[in-house]
J.: 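What follows is a single structure, and I will ask about it in a moment.
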Amino acid sequence: MHNQRIDYHVHPNYSIDASPATIEDYCRKALALELTEICFCTHVELDPERKEKFVILNGQKWSVYNLDWLDNYFTEIWQAQEELKNSVLKIKAGVEIGYCPGVENYIERIVNDYPFDFVLGAIHCLDHISISSQKESPYYFRSRSTETVREEYFTVLMEAVKTGFFDCIAHIDLYRRYGSQFLGPKAFTLHRGVIEPILAEMSRRGMGVEINTSSRRRGLKEFHPTKEILELAVKSGVEVFTVGSDAHSLEHLGSGIEEALTLLKEMSASNYVFSQRKPIPYPIASNSLFY
Ligand SMILES: [Zn+2]
Ligand SMILES: [Zn+2]
């Protein structure tokens, strides 16, 4: 019996920040790694005030607003599903949408008009500056007090949750990725007192929290989010948790997933997969070597 392993946050070559690895390349690699389920979550960033509003389609820059690129994305996923239908691997169509105030109409169209299995929401930009980019994030953090960061991040996060567009929130404490060096130890306590009502709202809506393992590859000790925040989520009644590597290249597919699943198990929390936007509990195998 193989250990059940899944990866619910994978970026194929449709994003400008991803490697040229295709959907099919990732599926082949997933099979080699004996993953049982993979969900592609390509980036959609719609802030009109930012320079980079492109996706990559057939190796060329393509305006993210011209949604024809999504037809290709789905076709490619469906082809991979067809090709591998007799394998153990399930392939899901997801998306990671960067929320910023003012682009609700676009997001609504995207999530309503396309048959996604899973819609991740994320806060990548504050004040039109990317806090998830190593190069750009200092421009945000350098000129703001800890209190301002806290106020801005969690205000936008609450707005994102209340739009109701998302099944799950990706890397809910993303400000730690590059903010730690500016915020100091406060980066680890920034959430206290302000994340609780957000988690309660998520719980009320049945929204999930993602464990994102990419923090490890960037030198952080804990996953996104920290164990403290995960415990608060469980305490707030959040039931849905997903695990994802946030792989932007083949080498990162599946990385840290087993440990993330173990962490969920330790907290008596459940891992979920999604089909047509519906969460399905995906029990962590107990009869494998790893658990
Ligand atoms: Zn992200
Ligand atoms: Zn991502």
Side-chain angles (χ1 to χ4, degrees), residues 6-23 26 29-30 37-47 50 52-56 64 70 73 77 92-100 103 107 110-111 116-126 128-137 140 153-154 156-157 159-161 163 165-180 202 207-218 220 222-226 229 241-257 260 274:
I6 61 171
D7 194 334
Y8 249 59
H9 192 150
V10 179
H11 290 280
N13 59 348
Y14 282 81
S15 307
I16 29 180
D17 62 347
S19 82
T22 64
I23 283 167
Y26 276 104
K29 177 82 193 252
E37 190 154 336
I38 180 173
C39 184
F40 291 101
C41 292
T42 199
H43 279 296
V44 171
E45 294 292 328
L46 297 155
D47 184 349
R50 286 182 55 77
E52 294 288 351
K53 288 166 295 210
F54 303 102
V55 295
I56 302 292
V64 68
L70 277 166
Y73 179 66
I77 289 174
K92 298 289 177 67
V95 64
E96 180 183 20
I97 300 179
Y99 174 77
C100 74
V103 298
I107 300 180
I110 290 170
V111 299
F116 289 108
D117 288 304
F118 182 53
V119 177
L120 262 179
I123 312 299
H124 291 127
C125 296
L126 291 173
H128 315 292
I129 304 169
S130 169
I131 60 161
S132 62
S133 139
Q134 187 166 20
K135 225 171 86 194
E136 213 178 309
S137 54
Y140 179 80
Y153 184 84
F154 289 103
V156 177
L157 177 61
E159 277 179 42
V161 168
T163 63
F165 291 140
F166 310 115
D167 300 322
C168 187
I169 297 292
H171 43 61
I172 203 167
D173 59 354
L174 181 68
Y175 51 84
R176 281 195 310 119
R177 180 187 287 178
Y178 297 119
S180 301
M202 290 173 69
M207 275 175 87
V209 169
E210 173 200 62
I211 301 189
N212 183 301
T213 65
S214 70
S215 48
R216 283 291 175 72
R217 307 195 294 272
R218 295 190 172 89
L220 294 178
E222 291 194 73
F223 296 136
H224 290 299
T226 58
I229 295 176
F241 293 88
T242 63
V243 291
S245 68
D246 212 344
H248 284 64
S249 63
L250 286 178
E251 61 178 317
H252 295 135
L253 184 66
S255 78
I257 295 294
F274 278 74

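The figures that follow rest on heavy atoms only: side chains count, while hydrogens, waters and symmetry mates do not. We're numbering straight along the sequence, starting at 1. Only a predicted model underlies this, so the values are computations on that prediction, with no experimental measurement involved. Order of listing sets the numbers, starting from 1, for every ligand and every atom in it.
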J.: Just by modelled atom types, is the T242 backbone N or O under 3.5 Å from a matching donor or acceptor in the E210 side chain?
T.: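 A pair under 3.5 Å: no.
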J.: Report yes if the distance between the aromatic ring centroids of H252 and H11 is under 6.0 Å, otherwise no.
T.: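 When the ring centroids of H252 and H11 are compared, they turn out to be at least 6.0 Å apart.
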J.: Ring centroids only, cut at 6.0 angstrom: are Y175 and Y140 within range, meaning strictly under it?
T.: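 No, the ring centres sit 6.0 Å or more apart.
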J.: Not counting sequence neighbours, which residues clear side-chain contact (heavy atoms from CB on, under 4.5 Å) with A260? List them please.
T.: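 If we apply the side-chain contact (heavy atoms from CB on, under 4.5 Å) test to A260, skipping adjacent residues, the hits are I211, T213, F223, V243.
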J.: Do S215 and R176 have side-chain N/O donor and acceptor atoms under 3.5 Å apart?
T.: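 No, no side-chain donor-acceptor contact under 3.5 Å.
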J.: Backbone N or O of T42 within a donor-acceptor pair of the Y73 side chain at under 3.5 Å?
T.: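 Side chain of Y73 to backbone of T42: a pair is present.
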J.: Tell me, which protein N/O/S atoms are under 2.8 Å away from the Zn ion (ligand 1)?
T.: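 Listed by chain and number, the nearby protein N, O or S atoms are E96 OE2, H124 NE2, H171 NE2.
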